[in-house]
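One structure is given here, and the rest of the page talks about it.
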Amino acid sequence: MATGITISRHGPNEQVIVARCLIGVEHIGVGWLGHDKANPSGREVEGHTTRTYGGVEAQTMHDHWDNFIKMLSERGLTDDQIGLILGGNYLRLWKQILPSA
């Protein structure tokens, strides 16, 4: 059974750290970190926005992932642990549930 842990006042990197302490990195998966550059609402097209975005809202998806991985590394996660969180666990589960071909 999967249980979501939500810590709304903290960013995804802090949620991963809490989950790691509670359930271990083998049970954590991150798939989507939000929006792409200058489109936090999902309703605007870059170059035709109704306001100017700054900070994290102005980052590209590549910037989001780079920063997320850097923050996890700074919190002491190894490359292997980060690999599990960013897709390794997902692949392991699919290999377990899909029949062998």
Side-chain angles (χ1 to χ4, degrees):
M1 180 172 90
T3 303
I5 297 174
T6 303
I7 306 167
S8 60
R9 67 180 186 270
H10 298 294
N13 60 315
E14 291 301 320
Q15 292 178 15
V16 167
I17 299 305
V18 170
R20 177 186 68 165
C21 294
L22 295 174
I23 61 175
V25 294
E26 298 83 9
H27 306 287
I28 303 169
V30 175
W32 177 253
L33 287 178
H35 58 82
D36 206 356
K37 183 178 180 180
N39 194 13
S41 69
R43 293 184 300 271
E44 298 181 2
V45 177
E46 188 172 353
H48 301 281
T49 59
T50 56
R51 70 181 191 106
T52 302
Y53 295 99
V56 71
E57 292 179 337
Q59 293 179 348
T60 65
M61 189 59 70
H62 182 269
D63 294 334
H64 282 286
W65 282 106
D66 259 3
N67 291 334
F68 182 65
I69 293 167
K70 180 181 174 188
M71 286 186 263
L72 293 178
S73 182
E74 288 172 351
R75 294 299 306 264
L77 276 79
T78 66
D79 288 347
D80 287 341
Q81 291 173 321
I82 293 170
L84 290 174
I85 292 167
L86 298 183
N89 289 328
Y90 180 80
L91 291 174
R92 176 180 46 84
L93 289 173
W94 272 109
K95 288 177 182 176
Q96 289 175 1
I97 63 173
L98 291 178
S100 297

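Numbering of residues begins at 1 and proceeds along the displayed sequence. What you see is a predicted model; the values in this text were computed from it and never measured. Only this structure's heavy atoms are used, side chains among them; waters, hydrogens and symmetry mates stay out.
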(message) Would you compute the distance between atom CG of N89 and atom NE2 of H27 and round it to the nearest 0.5 angstrom?
(response) 8.0 Å
(message) Could you walk me through whether L77 and I17 satisfy the side chain to side chain contact (heavy atoms under 4.5 Å, CB included) test, starting with their C-alpha distance in whole Å, then the side-chain angles of each, then the deciding distance to 0.1 Å, before giving a yes or no?
(response) CA-CA 9 Å; L77 276 79; I17 299 305; 3.4 Å; yes
(message) With a 4.5 Å cut-off on side-chain heavy-atom distances among I, L, V, M, F, W and Y, is there a chain of contacts connecting Y90 to I97?
(response) yes
(request) Report yes or no: do L84 and I23 belong to one cluster of Ile/Leu/Val/Met/Phe/Trp/Tyr joined by side chain heavy-atom distances under 4.5 Å? (result) yes
(request) Measure across R20 and I28 and return the closest heavy-atom pair with its distance rounded to 0.1 Å. (result) N-CD1, 3.5 Å
(request) Compare every heavy atom of I82 with every heavy atom of S73, then report the nearest pair and how far apart it is. (result) N-CD1, 3.8 Å
(message) With a 4.5 Å cut-off on side-chain heavy-atom distances among I, L, V, M, F, W and Y, is there a chain of contacts connecting I85 to W65?
(response) yes
(request) Working to the nearest 0.5 Å, report the span between NZ of K70 and CG of D63. (result) 11.5 Å
(request) Kindly give the heavy-atom pair with the smallest separation between V25 and Q81, and that separation in Å. (result) CG2-CG, 3.9 Å
(message) Taking V30 as the starting point, is it possible to reach M71 by hopping between hydrophobic residues whose side chains are less than 4.5 Å apart?
(response) no
(message) Taking V18 as the starting point, is it possible to reach I69 by hopping between hydrophobic residues whose side chains are less than 4.5 Å apart?
(response) yes
(request) Please identify each residue that fulfils salt bridge (charged side-chain N to carboxylate O under 4.0 Å, His left out) with R92, with sequence neighbours left out. (result) none
